[in-house]
Amino acid sequence: MSDLYGRIIGTGSYLPERIVTNAELEKTVDTTDEWIVARSGIKQRAIAAEGEFTSDLAYQAAAEAIKSSGINKSDIDLIIVATTTPDLVFPSTATIVQTKLGLGGCAAFDVQAVCAGFVYGLDIVDKYIRSNSCKNALIIGAETFSRIIDWTDRTTCVLFGDGAGAMIVRADNVPGIFSSSIYADGAFKELLWVPSGVSTALSELEMGRAFTKMKGNEVFRWAVNTMSNIAAKTLRDNDMDASQLDWVVPHQANIRIIRAIAKKLSLPMEKMVVTVAEHGNTSAASIPLAFDYAQRDGRLKSGDIILLEGFGGGFTWGSVLLKY
Ligand code: COA
């Protein structure tokens, strides 16, 4: 086993100012607050302002994470942004955030694994650290998902929101991250996707008509089974059982998915970090956002054993088991 571990030493998050409540959506699509809360647990979502981009959200979360870590920002030697909604086709959002932070020279790149993007990014960070290729990584999950939502489609528009969360992960001789693993299966592409892009249909992008399509029922079933299985496998691989976990920070897509995972793991809901009511599904931002909220309100404490797990379009999924 490596002598080096990735350890989270700072977190931050950011939500755009504009909050859209379920009551507001009732005025624009055929839905009700009761339906949205009962089926998803979501009460509101934050939506980026015109001219506010993923890199702006990412920058705010990153600045807060750097401040809370106490490191000098010039010590950052790797920047990863997990996003599905980059500012531009290129350059990467990570390089844009790098410039906004006044940094230059260190490696900076984006990771695209939709809602599992942050777990993918943390897996990469941990491997950089274990191979002694990086000492202080900045990892951000940031999305302006509202830009790829059809606001007339009630089956998707009530579920998603914008936001960002960030972490500083430092190389340390004590864990830190015990283990991380990531997976994908592209056979499920059409259950959750934006069916146009740069190479296939640039006109849709140009006209702002590249929207998320989802077969919600099927995604729901896969999300519950896959996240329950990955949690159980991660615990098995680390010779642990669920009772040893202090917290699970699952992808925040739907309270019913989170409840079902807790049930399958025989974990009380009190051990599940749940923030989906406040910001909806923010895709790659949801895990670091939830983590930052829960550590700021005192739920997550130093020394806690925490399981992060993500699931997203592709499908993509993964987990990170760590000591905070
Ligand atoms: N308001 C009111 N009714 C709605 C609605 C809305 N916003 N969206 C859909 N409905 C209707 C449907 O049209 C359907 O009506 P019908 O029975 O007349 O056809 C009915 O509600 C039930 O739809 P269904 O899709 O079966 O509901 P559900 O219980 O599966 O809940 C989701 C829908 C989308 C909330 C749920 O499937 C889900 O959360 N799926 C996973 C989504 C997800 O997490 N995706 C991201 C993963 S990273």
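We count ligands from 1, going down the list as the structure has it; atoms in each ligand are counted the same way. Excluded from the calculations below are hydrogen atoms, water molecules and symmetry mates; all remaining heavy atoms, backbone and side chain alike, are included. We number each residue from 1, following the sequence as shown.
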Exercise for review: Answer yes or no: are there more than 12 heavy-atom neighbours, outside Arg209 itself, under 6.0 Å from its atom CZ?
Suggested key: no
**Study point:** Neighbour count >12 (heavy atoms, 6.0 Å) for atom NZ, Lys323
**Key:** no
Looking at [X], which atoms of ligand 1 are within less than 4.0 Å of one of its heavy atoms?
X      : result
Arg256 : 29 (O), 31 (O)
Leu159 : 34 (C)
Val158 : 7 (N)
Met214 : 42 (C), 43 (C), 45 (N)
Phe311 : 48 (S)
Val219 : 45 (N), 47 (C)

Nearest neighbour in protein (non-hydrogen) for [atom]:
atom                    : value
atom 41 (C) of ligand 1 : Gly216 O, 3.5 Å
atom 22 (C) of ligand 1 : Arg39 NH1, 3.6 Å
atom 30 (O) of ligand 1 : Asn217 OD1, 2.7 Å
atom 7 (N) of ligand 1  : Arg154 O, 2.9 Å
atom 39 (O) of ligand 1 : Asn254 ND2, 2.6 Å

[atom]: protein heavy atom closer than 4.0 Å?
atom                    : answer
atom 45 (N) of ligand 1 : yes
atom 16 (P) of ligand 1 : no
atom 32 (C) of ligand 1 : no

Review point. Under 3.5 Å, is there a donor-acceptor pair linking the side chains of Thr54 and Thr144?
Key: yes
Review point. Without hydrogens or angle criteria, can the side chains of Thr282 and Glu143 be said to hold a donor-acceptor pair below 3.5 Å?
Key: no
Practice item. Evaluate the ring planes of Phe291 and Tyr324, with Trp represented by its six-membered ring, and classify them as parallel (under 30°), tilted (30 to 60°) or perpendicular (over 60°). Key: perpendicular
Exercise for review: Look at the aromatic rings of Phe188 and Trp222 and report parallel, tilted or perpendicular, splitting at 30° and 60°.
Suggested key: tilted
Exercise for review: Drop me the distance from Ile79's CD1 to Cys134's SG, to the nearest 0.5 angstrom.
Suggested key: 10.5 Å
Review point. Do you know the tightest heavy-atom contact between Met167 and Ile8?
Key: SD-CD1, 3.5 Å
